[in-house]
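The next block holds one structure in the form of structure tokens; read it before the comments.
Only this structure's heavy atoms are used, side chains among them; waters, hydrogens and symmetry mates stay out. As the structure is a prediction and not an experimental result, all values here were calculated from the model. Letters go in sequence order (proteins before strands), and every chain restarts at 1.
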Protein chains: 2
Amino acid sequence: KLERVCRDCFAPAESALDSLKRLYARKIAPVEKLYHFASFYTPTLMDGDFDSKPMVLLLGQYSVGKTTFIRYLLEQDFPSARIGVEPTTDKFTAVMHGHEDRVIPGNALSVQKDKPFYGLNMFGTGFLNRFEASECSAPLLKEITLVDTPGVLSGEKQRINRNYDFPAVTSWFVEKCDLILLMFDANKLDVSDEFKSVLQTLRGHEDKVRVVLNKCDTITPQQLLRVYGALMWYLGKVITTPEVMRVYVGSFWDKPLVRSENRELFEKEEADLLRDLSELPRYSAVRKLNDVVRRARQARVHAHIIAHLKAQCSGMFGKQKMQRKLMDDMPNVFNKVRLEGKFAVGDFPPVKKFKEVLESYEFSKLPKMDQQLLDEMERVLSKDLGDIMKLMAPPKESGGEEDEE
Amino acid sequence: KLERVCRDCFAPAESALDSLKRLYARKIAPVEKLYHFASFYTPTLMDGDFDSKPMVLLLGQYSVGKTTFIRYLLEQDFPSARIGVEPTTDKFTAVMHGHEDRVIPGNALSVQKDKPFYGLNMFGTGFLNRFEASECSAPLLKEITLVDTPGVLSGEKQRINRNYDFPAVTSWFVEKCDLILLMFDANKLDVSDEFKSVLQTLRGHEDKVRVVLNKCDTITPQQLLRVYGALMWYLGKVITTPEVMRVYVGSFWDKPLVRSENRELFEKEEADLLRDLSELPRYSAVRKLNDVVRRARQARVHAHIIAHLKAQCSGMFGKQKMQRKLMDDMPNVFNKVRLEGKFAVGDFPPVKKFKEVLESYEFSKLPKMDQQLLDEMERVLSKDLGDIMKLMAPPKESGGEEDEE
Ligand SMILES: Nc1ncnc2c1ncn2[C@@H]1O[C@H](COP(=O)(O)OP(=O)(O)OP(=O)(O)O)[C@@H](O)[C@H]1O
Ligand SMILES: Nc1ncnc2c1ncn2[C@@H]1O[C@H](COP(=O)(O)OP(=O)(O)OP(=O)(O)O)[C@@H](O)[C@H]1O
Ligand SMILES: [Mg+2]
Ligand SMILES: [Mg+2]
């Protein structure tokens, strides 16, 4: 109990985020609920989704030094951490703040609505058995949560030992996280096929990705140049955005450097990486607001589509036939709704996925238009969310919202 | 006259290359001549094509330091060299060995059969006015020829001032050269559209390309890391081969370093680059042999195609009709010739280009099969060229020929 209370004290209590949470629960969630939004998109946001600290995801082949890196950032051990030359970490581990060291297993975690892992339920116990939270009192964890992952192995070996869809799970975390650290070992750059598919999951989230080239002190400066160049060459090919990805080079642990020619460079790189991490809490709030805005816009469009379908099927006869007709004509339905409401194309769901879910509904029993509810949400979109944004970002830094879009 | 004689003394007199030259002139050139090979492919090889020294082509945007780099390699000035912050070099300049400093203008150069520039005639005087040789007595020039080029400017400015097709000319040099140095300035990596089209001309010759990142001493090691990374990222995108291109970083002139943190690295890089250049004469001979082999294989196939067409049109009547039929059926003709002679697909010309040239011939007047001539060339291909290869590359390094293919 005591533990619980204390943890709450350390939860980020930014008033802007609290307003956002209240606004969502009172004005947006009801629309989502009425029109079954969660079945078509993702589960309704929980308190945990707002209160959670910025999350940093560590990805990389096995033994590149992910767990060691977390230990180094925390300046202490964390429960369940295992470090070794062989593949060691075998679970997704959320390293979080807690006043005592303890490990919370995945199944227990996934039912806690005050934690941001509720959505992981969809991957079943096959995954939840391989997921845990590791709590300890390292000060950094008051600011951010770090997610350690099992290293990616070479193809076959990997798939045999796993009871869950690794790329799909990774994709969930990629979506949810504020920063993704892609770690490589300067001594062996080889990239397995599975790691390539992990790189694919980053598509659309390139702005969140930073690369860490680790163990750079074990090779000569000239070798480092070659390895780093090969990494950039490779990344330039697989990452489709023209913006160059930031790569931090160095040796990220507490042991002294093996070769010290690049000491100054490594120190600067490390300072830059830490600055990058320290700016997360500020951007994280904006990112959450951004997610809510996107969600509200989608919910608005979704409500209009559903209400439209309902209206078409509310006559006395021929409901079945009408439903089939509408199903076949969905692109046109979308188009009509879009023109009527002057909505943006981007706020509409993919037709195929939408129809798949709709399959199980009887159109005549869908909820009809609730104008008051929608009007209220409209006001949230056109005014309230903008006000919260102002609280988050000082005026001189305006434009940040658009950058995040 | 004296000058001329002296220059001849310094010509590469490797006996293997001499044998190759003789073999080509006596056994391959006659086949080419009989079957009009030069009209369909490229001009018959001249002495200059065999005697010429390995050529190194310098490419890059303006003011990156190309001319300065050549001056630095030579450890002396060369006639017509101009160096400056504005676009300065306005000609293609072949920097070659000569006992006295002198400049030979392009038109004069292009008629000298002992120089490898005979083929440049096809670009007309518009280009030849912008081409010259600069001779001086720097010892390095006894081993290699360096080709300085005008820096690539940003689009419009460029095209207005030119009377020739820059990418086409570049392409000719790319084909002819043994090594291509692509130079960038660490202070400004921007790449113009025209430079992108120059990069396109490198396709298929990636193994000859080295990149030089110049003026690296003017920025901090951390900035250098970023610039170098961005360059690799960019090159990885535009160069389609998976093999990472070798980049030499440093400051390639005789002035002291502005920042010395990376002195040791720059020195090693420079040593590597010089080693790369010093190995050129050895590889150049192999490359020439390789070109002759490819040419002989194409000439063989070409002779069979021509003789086949002739045979089909040697009846008394209906020659015109038969010619039209064969023209329309060229892919089939190729196929027949290929199966009959067991030739490789790669030795055949592109159908379209072949037909374009053939347009102006009357098939019945084409030369017929000269079995003796072809048999002799066959022996060259199956034995003599292999013997020369053995002279060029010591046995332990065999396999080099295939690598070059
Ligand atoms: N900066 C470093 N320099 C040199 N060696 C390091 C460095 N960081 C970690 N190591 C070593 O690399 C090995 C792997 O470390 P670690 O277990 O942290 O990697 P990991 O990426 O978490 O691996 P896995 O994916 O198997 O969990 C260990 O032997 C560790 O001591
Ligand atoms: N290694 C170097 N470090 C710093 N400055 C350099 C270096 N090499 C050349 N420069 C300077 O850069 C400028 C351009 O040099 P240079 O004329 O050799 O370039 P270029 O590539 O030949 O240009 P252009 O394409 O116009 O002929 C000159 O002012 C020169 O002094
Ligand atoms: Mg680990
Ligand atoms: Mg120049």
Side-chain angles (χ1 to χ4, degrees), chain A residues 182 184 186 189-191 193 196 199 206 209-214 216-217 219-251 257 259-276, chain B residues 182 184 186 189-191 193 196 199 206 209-214 216-217 219-251 257 259-276:
Chain A
L182 209 57
F184 291 88
L189 263 197
D190 58 309
V191 171
D193 285 347
K196 271 178 216 158
L199 289 177
E206 287 86 357
V209 182
R210 307 287 181 277
V211 179
V212 178
L213 186 58
N214 200 10
C216 291
D217 61 330
I219 55 179
T220 70
Q222 216 188 1
Q223 284 167 331
L224 174 57
L225 199 69
R226 297 284 96 77
V227 168
Y228 169 72
L231 177 63
M232 295 306 279
W233 177 277
Y234 175 75
L235 290 176
K237 280 192 194 301
V238 294
I239 311 286
T240 50
T241 51
E243 294 82 30
V244 183
M245 222 164 241
R246 177 64 150 103
V247 177
Y248 296 99
V249 306
S251 181
L257 297 181
R259 307 184 64 102
S260 56
E261 294 100 326
N262 277 321
R263 173 183 307 283
E264 211 181 316
L265 174 67
F266 294 162
E267 280 166 2
K268 284 193 177 133
E269 289 284 288
E270 191 184 315
D272 283 0
L273 175 53
L274 292 180
R275 191 170 329 114
D276 212 347
Chain B
L182 209 57
F184 292 89
L189 263 197
D190 58 310
V191 171
D193 284 346
K196 271 178 215 156
L199 289 178
E206 287 87 355
V209 182
R210 308 287 181 276
V211 180
V212 177
L213 186 58
N214 201 9
C216 291
D217 60 330
I219 56 179
T220 71
Q222 215 188 1
Q223 284 168 330
L224 174 57
L225 198 69
R226 297 284 94 77
V227 168
Y228 169 71
L231 177 63
M232 295 306 279
W233 177 277
Y234 174 76
L235 290 175
K237 281 192 194 302
V238 295
I239 310 286
T240 49
T241 51
E243 294 81 30
V244 183
M245 224 163 238
R246 176 66 150 100
V247 177
Y248 297 99
V249 306
S251 180
L257 297 179
R259 306 184 65 101
S260 57
E261 293 100 325
N262 277 322
R263 174 183 306 282
E264 211 182 316
L265 174 67
F266 295 162
E267 280 166 2
K268 284 195 176 131
E269 289 283 289
E270 191 185 313
D272 283 0
L273 175 53
L274 292 180
R275 192 170 328 114
D276 212 348

*At a heavy-atom separation under 4.5 Å, does B/Leu225 approach chain A through its side chain, its backbone, both, or neither?*
both
*Non-hydrogen atoms of chain A under 4.5 Å away: do they reach the side chain of B/Arg226, the backbone, both or neither?*
both
Name each donor-acceptor pair under 3.5 Å that joins a side chain in residues 234-243 of chain B to protein atoms two or more places apart or in another chain, with its distance.
unit_1, atom_1, unit_2, atom_2, d
B/Lys237, NZ, A/Gly236, O, 2.6
B/Lys237, NZ, A/Ile239, O, 2.5
B/Lys237, NZ, A/Thr241, O, 3.3

*Could I get the full list of side-chain contact (heavy atoms from CB on, under 4.5 Å) partners for A/Leu274, not counting sequence neighbours?*
A/Leu73, A/Glu270, A/Leu277
*Taking the side chain as C-beta and beyond, is there a heavy-atom pair between A/Glu261 and B/Leu265 under 4.5 Å?*
no
*If you tally heavy-atom pairs under 4.5 Å against chain B, which of A/Ala230, A/Pro221, A/Gly229 wins?*
A/Gly229
*Give me the one residue out of B/Arg210, B/Arg263, B/Arg275, B/Arg246 that meets salt bridge (Lys or Arg N to Asp or Glu O under 4.0 Å) with B/Glu269.*
B/Arg246
*Sort A/Leu231 into side chain, backbone, both or neither according to what part of it lies under 4.5 angstrom from a heavy atom of chain B.*
neither
